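The shown structure was predicted, so the numbers you read here are calculated from the model rather than taken from an experiment. Note on naming: letters A, B, ... go to the chains in the order of the sequence lines (proteins, then strands), and numbering restarts at 1 for each one.
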Number of protein chains: 2
Amino acid sequence: MVLDVRTPVELTSDFRSRGLKVTPQRQLLFRLLYGNMTHPTAEALFAQASELMPGISLRTVYQTLNDLAALGELQVLHPSSGSTRFDPNVDDHHHARCRTCGELHDVYVDRVQDLAMRGPVGFVAERANIVFDGVCADCQVG
Amino acid sequence: MVLDVRTPVELTSDFRSRGLKVTPQRQLLFRLLYGNMTHPTAEALFAQASELMPGISLRTVYQTLNDLAALGELQVLHPSSGSTRFDPNVDDHHHARCRTCGELHDVYVDRVQDLAMRGPVGFVAERANIVFDGVCADCQVG
DNA sequence: TGTTAATTCGCACATAATGCAGATCAGCAT
DNA sequence: ATGCTGATCTGCATTATGTGCGAATTAACA
Ligand SMILES: [Mn+2]
Ligand SMILES: [Mn+2]
Ligand SMILES: [Zn+2]
Ligand SMILES: [Zn+2]
């Protein structure tokens, strides 16, 4: 299983090929997202970006994240508490959320489509998103 | 399968037994929630309530919903878009969200715990919440 | 009926995210 | 290399959703 993520170089040509410009701000965010497994918030990325590029605007961070999401290069996660999180891993995967530390971890689930669901008549499900709530290893009380 | 919901009368004694008072505002909300399958927002309940009790405060609606959630008599749902929704059905159930009309429908899923998950080492999952994204019957193009 | 702590309500405040517009700049044509 | 032009950036205002607070009110009980 190879993670379904784009390198900054790939994102650069992706943006250019659609008439979007590639600015230093965007290149920085491409780099901060690449390989990022933390499911960061916009604020967290803004804080990181600000250290490397003082003066970058939070507005620009949001703008770029929205652009990436529109291109399908970023999953947008709405956890049950806290602000929106962004996931550069656009694999078909799910998440485990620790109710102690709040962190999100990737989870791969097999045969999700085999789930026997009794639901609304005529509803055509295109995808299932699963969030496992529990306690992560670090937060287990000894 | 009987829905795991409390009647207004049951909620009344539930509140009183914990030292919470039962006001006309709360009784109205108990009634508006009973059997309500729409997964309403606070604003939607406020609008309904306002017709029957002009002058009721949105603040009071939030207060009562939070109290019910604290008692475990209401599930709080954070859909991927839009504001918080409240679910008087506290069964172990899941949801199907129509990407056209945005409505949430109840879904019952068997053997969720049989899902083979490859996830973070040591994570102890207590519950899985599944959201099926798709298109509901009403929104299918003929 | 009186007491008292819980509740209601209106308003201020908080937080997350978007709308807007002038200054700036990336990408392209020349 | 230079200039053009629409996309972008930034700061600020604004929206959307919800919470904090406190004076006035009221449910529950003695
Ligand atoms: Mn992920
Ligand atoms: Mn439900
Ligand atoms: Zn944890
Ligand atoms: Zn629909």
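- Rounded to a whole Å, the NZ atom of Lys21(A) is 5 Å from the C1' atom of dA26(C).
- For DNA chain D, the outermost nucleotides in 5' to 3' order that have an atom under 4.0 Å from a heavy atom of chain B are dT17(D) to dA28(D).
- Between the CZ atom of Phe86(A) and the C1' atom of dA16(C) there is a distance of 10 Å, rounded to whole Å.
- Non-hydrogen atoms lying under 4.0 Å from DNA chain D are contributed by Arg59(B), Tyr62(B), Asn66(B), all within residues 52-68 of chain B.
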Checklist entry - Yes or no on side-chain contact (heavy atoms from CB on, under 4.5 Å) for Arg85(B) and His78(B), after CA distance, side-chain angles and deciding distance? => result CA-CA 6 Å; Arg85(B) 290 173 173 274; His78(B) 301 268; over 6 Å; no
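- Residues Val61(A) and Leu29(A) share a closest heavy-atom pair of CA-CD1, 4.0 Å.
- Taking the six-membered ring where tryptophan is involved, the planes of Phe15(B) and Phe30(B) are perpendicular, since the angle between them exceeds 60° and thus also 30°.
- OP1 or OP2 of dA17(C) lies within a sub-4.0 Å distance of a side-chain N or O belonging to Thr84(A).
- Each of Arg18(B), Glu10(B), Arg16(B) was compared with Asp14(B) under the side-chain contact (heavy atoms from CB on, under 4.5 Å) criterion, and only Arg18(B) meets it.
- Taking every heavy atom of residues 39-49 of chain B and every atom of DNA chain C, no pair lies under 4.0 Å.
- By the 4.0 Å N-to-carboxylate-O rule, Arg99(B) lies too far from Asp133(B) to be salt-bridged with it.
- Between Leu28(B) atom CG and dC9(C) atom P the separation is 11 Å, expressed in whole Å.
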